[in-house]
There are 2 protein chains.
Amino acid sequence: MTLERFESIRELPLFAEMTGVSFDALTRGAFVQNFPPNMVMISEGEAADFLHIVQSGCVELFSTWTNRETSVTTLYENSTFILAATMKDRVNLMSARTLQKSRIIMIPSENVRNVFATDPAFALAIVDELARCYRATIRNMKNLKLRTSIERLANYILKQHHRQGEALSYQLPVEKRRLASYLGMTPENLSRAFNNLKPHGVAVDGQTITISDKTKLTAFAKPDMLID
Amino acid sequence: MTLERFESIRELPLFAEMTGVSFDALTRGAFVQNFPPNMVMISEGEAADFLHIVQSGCVELFSTWTNRETSVTTLYENSTFILAATMKDRVNLMSARTLQKSRIIMIPSENVRNVFATDPAFALAIVDELARCYRATIRNMKNLKLRTSIERLANYILKQHHRQGEALSYQLPVEKRRLASYLGMTPENLSRAFNNLKPHGVAVDGQTITISDKTKLTAFAKPDMLID
DNA sequence: GAGCTGCCTTGATATTTATCAAGCAGGTTG
DNA sequence: CAACCTGCTTGATAAATATCAAGGCAGCTC
C-alpha cells in the first residue's frame with residue numbers, strides 16, 4: 001500500500017508511468033528523513049544502499065582528494081541522486097551534504113533494481129534519467145575544458161537568467177564560494193571574475209546579479225546549445 | 001536472421017544476455033562500415049541515428065567550441081559510443097574521429113529503443129553500460145578538478161601501467177598531443193610534465209614509458225579508487 | 001551596542017599553464 | 001639522398017589562476 005508521504009514523488013517523471021503495484025514494491029521499506037543544513041548525508045566510497053530524492057531543500061554533491069574539495073553539482077526539489085551507483089550496486093563516487101534544511105526520501109537500492117527488472121515503464125524512466133545526468137556531466141566537462149573561468153562565469157550568469165524566467169536581475173541560488181568551486185576556481189578569483197565582467201554588462205551587489213547589457217554579455221559568453 | 005558479420009558483437013556484455021529474436025530485431029538494418037584513419041565520422045550537434053560499436057581500430061571522441069578543441073576519450077575494440085544520445089533521441093554532444101583504420105558497426109537508434117522496451121535483459125545491459133560511462137565521466141571530472149596537470153599525468157602513467165599487465169615499460173597507446181588534450185593541457189606542457197616526473201621515477205623515450213621507481217611514482221601520484 | 005563570526009573582497013605575490021618562436025628528429029617522398 | 005613533412009621538445013615570455021594576508025561588512029550573540 002502506498003504510504004501518503006510518498007505521494008509527492010509519484011508524479012515525478014521517474015515514477016509517473018510505472019504501475020501502482022510496482023510503485024508499492026518500490027517504496028516498501030523506503031522512508032523520509034529530515035536533515036539540518038550543512039550535514040554530510042553521504043560520503044564517497046560508501047555503498048549506495050539507497051536511491052535519494054530531494055523532497056524539499058537543497059543538496060550539494062562534492063568530492064575530495066588529498067585535502068582538496070570540489071563542488072560537482074547542486075540539487076533542488078525533486079532531483080534524484082546516487083542513481084548510477086544504485087543501479088550498478090557500487091560505492092558512491094561523490095559525497096552529499098545539505099545546504100539548507102532538507103527532506104530526503106530514501107528508497108532501498110535493492111527495490112530499485114528489482115522493480116527495474118519487472119516494470120518496463122520504470123526501466124525506461126531510469127534509463128532516461130541516467131542518460132540525462134550523463135549528458136549533463138559531459139556538458140559540464142566540456143565547459144571546464146573548453147572555457148576560461150571568466151567565460152564559464154559569463155555563461156553561468158546567462159543560464160541562471162534563463163532559469164529564473166529571463167529576469168535581468170536575480171539572486172544567486174548558492175553561496176559564492178560554492179559557485180566558485182562548481183565553476184572550478186577559487187573564491188578570490190570568482191570575485192575578480194565578476195569585476196572582469198563589468199564591462200560586459202554584469203553588475204553584482206551581494207547575492208544580486210543584474211544584467212545591464214544582455215547583448216554584450218551574450219556576445220562575450222558565446223553560449224552553446226551543446227554545452228549550456 | 002542474424003548476419004554473420006554481427007556475430008563478433010553477440011558476446012559483448014551489451015548483447016550477450018538478450019534473446020536471439022531481440023538480437024535479430026536489433027541488427028535488422030544495421031551495417032558495418034570501414035573508415036580510414038583520421039576521419040570524422042560524427043559531428044557534435046548531429047542527430048544520433050545509430051548506435052556505434054568499434055569492431056576494430058580506434059576512435060577518439062572530442063568536442064570543440066570557438067576554435068578550441070578537447071579530446072574527451074579514446075575508444076578501442078568492442079566499445080560502444082553515442083549510447084546516451086541514442087536512448088534519448090537527441091543530438092550528439094561529442095564528435096568522433098578514427099585514429100586508425102577502423103571497422104565500425106552501426107545499429108539504427110530506433111532499433112535500440114524498440115528492443116530496449118521489449119527485452120528486459122537488453123534493458124539491463126543498456127542501463128549497466130550507461131551507468132558505467134556516466135561514472136567514468138564523473139571520475140574524469142574529479143581528476144580534472146582536483147589535480148594539477150602533473151598529477152594527472154602521473155596517475156595516467158600508473159593506470160596505463162596497470163592496463164598493460166603491470167609492465168614497467170610500455171608504449172603510449174595514443175599520440176602525445178592527444179594525450180595532452182585528454183589530460184587538459186597543451187602538448188608543450190605535456191613535455192614539461194614528463195620532465196617534471198623524472199625525479200619521481202618516470203623515464204620517457206619517444207612513445208616508450210619506463211617506470212624506474214614505482215614506489216616513488218605512486219607516492220607522488222596518490223592514485224585513488226574513487227578517481228582512477 | 002560591542003564584540004563575534006563567517007563570508008566576501010582586494011592587493012600583493014607566487015605558481016601554474018598557455019603562447020609564441022625556434023629547432024630537432026624520425027619517417028616519407030620525390 | 002635531399003627536401004620535406006609532422007610531431008615533439010625547448011626556451012623565453014605572457015596570461016591565467018592560486019595563495020597569502022589584510023580588511024570590510026552583514027548578521028549573530030550576549
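Just the heavy atoms: all of them, side chains too, but no hydrogens, waters or symmetry mates, feed the values below. We name chains A, B, ... by the order of the sequence lines, and we start the count at 1 in each one.
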Student: It should be established whether A:Thr148 places a side-chain nitrogen or oxygen under 4.0 Å from OP1 or OP2 of nucleotide D:dA16.
Tutor: no
Student: Please state whether the base of C:dG11 and the side chain of A:Arg192 form at least one donor-acceptor pair under 3.5 Å?
Tutor: yes
Student: Rounded to whole Å, how long is the line connecting atom CG of A:Leu144 with atom P of C:dT17?
Tutor: 14 Å
Student: Figure out the CZ/P separation between A:Arg147 and C:dT17, and round it to whole Å.
Tutor: 21 Å
Student: I need the CD-P distance between A:Glu188 and C:dT9, as an integer number of Å.
Tutor: 11 Å
Student: Could you tell me whether B:Lys88 sits above the aromatic face of A:Tyr134, with NZ or CZ closer than 6.0 angstrom to the six-membered ring centre and within 45 degrees of the axis?
Tutor: no
Student: Under the 3.5 angstrom rule, does the side chain of B:Tyr170 hit a backbone N or O of B:Ile157 as a donor-acceptor pair?
Tutor: yes
Student: Find the distance A:Leu183:CG to D:dA16:C1' and express it as a whole number of Å.
Tutor: 15 Å
Student: Less than 3.5 Å between a donor and an acceptor, one on the side chain of A:Arg68 and one on the base of D:dT19, is that the case here?
Tutor: no
Student: If you compare all heavy atoms of A:Arg139 against all heavy atoms of A:Asp228, which two are closest, and at what distance to 0.1 Å?
Tutor: NH1-O, 3.2 Å
Student: Where the side chain of A:Gln207 is defined as all heavy atoms beyond and including C-beta, which of D:dT19, D:dA18, C:dC8 is the nearest nucleotide?
Tutor: C:dC8
Student: Output the rounded distance in Å from CZ (A:Arg178) to P (C:dG6).
Tutor: 14 Å
Student: Check whether any side-chain N or O of A:Asn189 sits under 4.0 Å from OP1 or OP2 of D:dT17, and answer yes or no.
Tutor: no
Student: Just to confirm, is there a sub-4.0 Å distance from OP1 or OP2 of D:dT17 to any side-chain nitrogen or oxygen of A:Ser149?
Tutor: yes
Student: Nearest whole angstrom, please: distance from the P of D:dT9 to the CG of B:Leu179.
Tutor: 11 Å
Student: Can a side chain N or O of B:Ser191 be found less than 4.0 Å away from OP1 or OP2 on D:dT10?
Tutor: no
Student: Please state how far atom CG in B:Asn67 lies from atom C1' in C:dA18, giving the value in whole angstrom units.
Tutor: 14 Å
Student: So, under a plain 3.5 Å distance rule, would you say the side chain of B:Glu175 forms a donor-acceptor pair with the base of D:dC8?
Tutor: no
Student: Please give, in whole Å, the distance from C:dT17 P to A:Met185 CE?
Tutor: 17 Å
Student: Which atom pair, heavy atoms only, marks the closest approach of A:Glu44 to A:Phe62?
Tutor: OE2-O, 3.9 Å
Student: Compare side-chain N and O positions of B:Asn195 against OP1 and OP2 of D:dT9 and report whether any pair is under 4.0 Å apart.
Tutor: no
Student: Under 4.0 Å between a side-chain nitrogen and a carboxylate oxygen: does that hold for A:Glu7 and A:Arg10?
Tutor: no
